[in-house]
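Have a look at the structure below, then the notes.
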Amino acid sequence: MEMANQTEAPPPRQPHPPSEAKKEGRDGWKASNWFGGAKPLPVFALFALVLLLTVLSGVHRVSFLDRFLAPLPEAEQKGSVDESLGGLLSLAFDEASCRSRFESAKLLKPLNHTPSPYLSEKLRSYEALHRKCGPNTELYRESIRQLNSNRSGGGPTECNYVVWLPQHGLGNRMISITSAFLYALLNDKVLLLFFPDYMNGLFCEPFPNTTWLLPSDFPITRVTSIFDKDPNRYGNLLRDKILSNDMNITNASIPLPAYLYLHLVHNNNDYDRMFYCEDGQLLLRQFPWLLLRSNQYFVPALFLIPMFEQELGLLFPERTTVFHLLGRYLFHPSNAVWGYVTRYYQAYLANAEEILGVQIRTFAEVDLDKHSSYIMNCAISKNLLPSLDTKDAAALSDTIRVKPKAVLVTSLKTEYFERIRDTYYRNATATGEVIGVYQPSHEEKQFTEKLDHNVKALAEIYLLSLSDSLITSQYSTFGYVAQGLGGIRPWLLVRPDDENLCLQSSTMEPCFHFPPSFECKSRRELDLGSVVPYLRHCEDKAAGIKLFY
């Protein structure tokens, strides 16, 4: 990846001087006390004799001498890295085929929250189901034959499927894939993803010995154009009274479609949103094929469906960890993308004492000077960046001993990066800290349907997730994914009052921007942000809802 508009890489980190070995231990205890402090020659002779006998016998050294004489394994010296992330990940993979699955545990910060044993067990069960029912299995072929018949088949079968269809940018896709996977997990369905060419090669397979990709010979050839006018759209079939949520499809008086299309995009209607009601779920469970298009993180609404309440409580005792855990489970960058991440990190970020990620996305025209000043003032007022020493430059003897602090800027534009970089290039900091400012790319516009653009986007999401602290733009799903993967509560570029320039999010969970606004039983208007204490309105979008503690 071309690294444009970057400052010179900071000098290599100097190694710490080794600490002096202690001659005495606790309470003046000395090593010689172990040998009684006398007659060292017989002890030395004894060790020499054992070593001589070992060599002459031609056998391996005994385990005690191995431990005593050999250096400790690297894992024991530094603390071993749990590549399974506390049982979250299956290790039944070839490391060479997906380096990020094994290396990310060394680069990313440890999981903030340990997955529940129930979640780990559920994921292993799902992986077994996916192997049994996934592409290239006889049960999958049997399900395809039923789909080709263009009839529902009279109810659920041994293998039932959710087919995810993409909508909008990479951030939207990753939060909606996570939502679709949790929905499949709750309903014992198999998740298959339709990846257009501009998404192929971004991720490793998350499930061992199978694939989550929809095969190219999937019989619904118009899958790319399945959208709001699809004849099998669930909401429209409800509206036209062809379906009712209380029906048993095995006794239906008319032929029913082989699949239902769930239109869960932001502009759907109240009929589509019946998906979030329990009686709607009872109907949907009867269809073996569901095609789902979404650009939303609809996980919070699943917590309001009574039939899922107990299961969700077992899976996620801490509700605010859903995306953090499922995102780390599902999304492993391919070797090509991971190469971008690791090379950039080693070149520009690895030597930093601390990393501040700044994710900037604007959805309308803004005054660049004012907006840049606002972002800088937010960072300085919250002690994320040091204030400037405008009177006197720091002495060289002070600065050369200070490890740099790195600021990683991700934005479609380069002007923000230039303003932050120039500010700390022209001025010393009041604290004497050295600030390095970096931006991996600046595409100017979003090119969702270009693979190279998506590769850069995914690499930058992961680089942001390596930050120690994070500033993100309101409404941005790109920022949501980075904060979730990194387990970071970001500072949001929203102004809660006249005194505070920005606000730290209460959780690391994404926001569901366009939730339903009615109560399922009565169909009356209802504020879902006030129904239960753990679902509240988002800090960056008043109409949205998100999971809280």
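Owing to the predicted nature of the structure, the values given are computational and were not obtained by experimental measurement.
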- Task: Inspect the contact between E127 and R124 and indicate whether a charged nitrogen and a carboxylate oxygen are less than 4.0 angstrom apart.
- Result: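 A salt bridge links R124 with E127.
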
Would you say the side chains of [X] and [Y] form a donor-acceptor pair under 3.5 Å?
{"X": "S179", "Y": "Q296", "value": "no"}
{"X": "S505", "Y": "K546", "value": "yes"}
{"X": "T211", "Y": "E205", "value": "yes"}
{"X": "Y416", "Y": "H371", "value": "yes"}
{"X": "S506", "Y": "E539", "value": "yes"}
{"X": "E509", "Y": "Y297", "value": "yes"}

- Geometric cation-pi criterion, R101 with F93: 6.0 Å, 45°: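 Checked: cation-pi criterion met.
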
- Should the pair K229 and Y261 be classed as cation-pi, given the thresholds of under 6.0 Å to the six-membered ring centre and 45° from the axis? no

- side-chain contact (heavy atoms from CB on, under 4.5 Å) partner of R233, chosen from D228, I226, L238: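 Single side-chain contact (heavy atoms from CB on, under 4.5 Å) partner of R233 among D228, I226, L238: D228.
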
- Note on the structure: Value for CG (L412) from CZ (F447), rounded to nearest 0.5 Å, stands at 9.0 Å

- Mind checking the OH-CG spacing from Y462 to L108? Nearest 0.5 Å is all I need.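 Taking OH in Y462 and CG in L108, the distance rounds to 7.0 Å.
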
- Taking every heavy atom of Q483 against every heavy atom of P490, the minimum-distance pair comes out as OE1-CG, 3.0 Å

- For the residue pair Y161 and W289, does the interplanar ring angle fall in the parallel (under 30°), tilted (30 to 60°) or perpendicular (over 60°) class?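 Ring orientation, 0 to 90° scale: parallel.
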
